[in-house]
Amino acid sequence: MAPFDNKRRKQVGILGGNFNPVHVMHLIIADQVGQLLGLDEVYLMPEYLPPHIDAKETISAEHRLAMLELAVEGNPRLKIEDIEIKRQGISYTIDTMKILKEKNPDVDFYFIIGGDMVAYLPKWHQIDELVKMVQFVGVKRPEYSQETPYPIIWVDIPQMDLSSSLIRKKIAQGCSARYFLPDPVLNYILEKGLYLDEI
């Protein structure tokens, strides 16, 4: 009889995004999904060049990574995964997950997306293969349907209509962005003079 393997597989969530800049809703989603699903860790994974949305200018990966490090400081559940920044090129999720699965064969990955993104899943590169590699987690949005042919774990998280683009505009207009993002991140933006020319 084979010895009983009681080694528990590690459960890791991934929240991808541009994080330009990271703000409190990113952190609330990552932390709440981690707690609700009992995940060991949740990685915030900045993309290098997103394939699914219109091209948009962003600040350097160095600044985005620095702000993410400041944002997750003090929360042992939240980590940074910079694989797409290092790889560069178009950040296809299927390519990223193949590498992460190969490097971490004992990990189950939970890929977190907003409820507004679920409708776009059929357009994702090699989606049929991707759904076999990760468990998608959808963050409910009241104005978006939860109907989809793909297996999704839906989670309820308090909603706030906050976006990185709104924060960039506030900073460019000289308005306060306090409480929209952690103080260390806001201080970094002000010290480095980021987003001052946002239209």
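All residue numbers refer to positions in the sequence shown, counting from 1.
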side-chain contact (heavy atoms from CB on, under 4.5 Å) partners for [X], two or more places apart:
X      : answer
Ile28  : Met25, Gln32, Ile157
Gln159 : Val139, Arg141, Pro142
Gln126 : Ile94, Lys98, Glu129
Val131 : Ile127, Phe136, Tyr150

Would you give the length of the straight line joining atom [atom1] of [X] to atom [atom2] of [Y], rounded to the nearest 0.5 angstrom?
X     : Y      : atom1 : atom2 : answer
Glu47 : Ile83  : CD    : CD1   : 14.0 Å
Arg87 : Thr96  : CZ    : OG1   : 3.5 Å
Ile14 : Leu100 : CD1   : CG    : 5.0 Å
Lys10 : Phe109 : NZ    : CZ    : 8.5 Å

Query - Salt bridge flag under 4.0 Å for residues Asp40 and Arg8 - result: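 A salt bridge is present here (some side-chain N lies under 4.0 Å from a carboxylate O).
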Pairs under 3.5 angstrom only: tabulate donor-acceptor contacts from the side chains of residues 176-194 to other protein residues two or more places apart or in another chain.
| unit_1 | atom_1 | unit_2 | atom_2 | d |
| --- | --- | --- | --- | --- |
| Ser176 | OG | Arg178 | N | 3.1 |
| Asn187 | ND2 | Asp183 | O | 3.3 |
| Tyr188 | OH | His63 | ND1 | 2.8 |

Query raised in the report: Should we say atom CD of Glu102 is surrounded by more than 12 heavy atoms from elsewhere, each under 6.0 Å from it?
Result: no
Requested in this report: Taking atom CD of Glu147 as the centre, report whether more than 12 heavy atoms of other residues, nucleotides or ligands fall under 6.0 Å from it.
Outcome: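 No, not enclosed.
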Query - Closest non-hydrogen atom pair between Pro21 and Arg168, with its separation - result: CD-CG, 4.0 Å
Query raised in the report: Do you know the tightest heavy-atom contact between Pro122 and Ala119?
Result: CD-O, 3.3 Å
**Report entry** Between Asp108 and Gln11, a side-chain donor and acceptor under 3.5 Å
**Finding:**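 Yes, Gln11 and Asp108 have a side-chain donor paired with an acceptor closer than 3.5 Å.
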Report task. Indicate whether the side chain of Ser164 and that of Asn20 have a donor and an acceptor atom separated by less than 3.5 Å. Result ->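 The answer is no; no qualifying pair exists.
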Query raised in the report: Can you list every pair that meets salt bridge (Lys or Arg N to Asp or Glu O under 4.0 Å) and has a residue in residues 24-33, with sequence neighbours left out?
Result: none
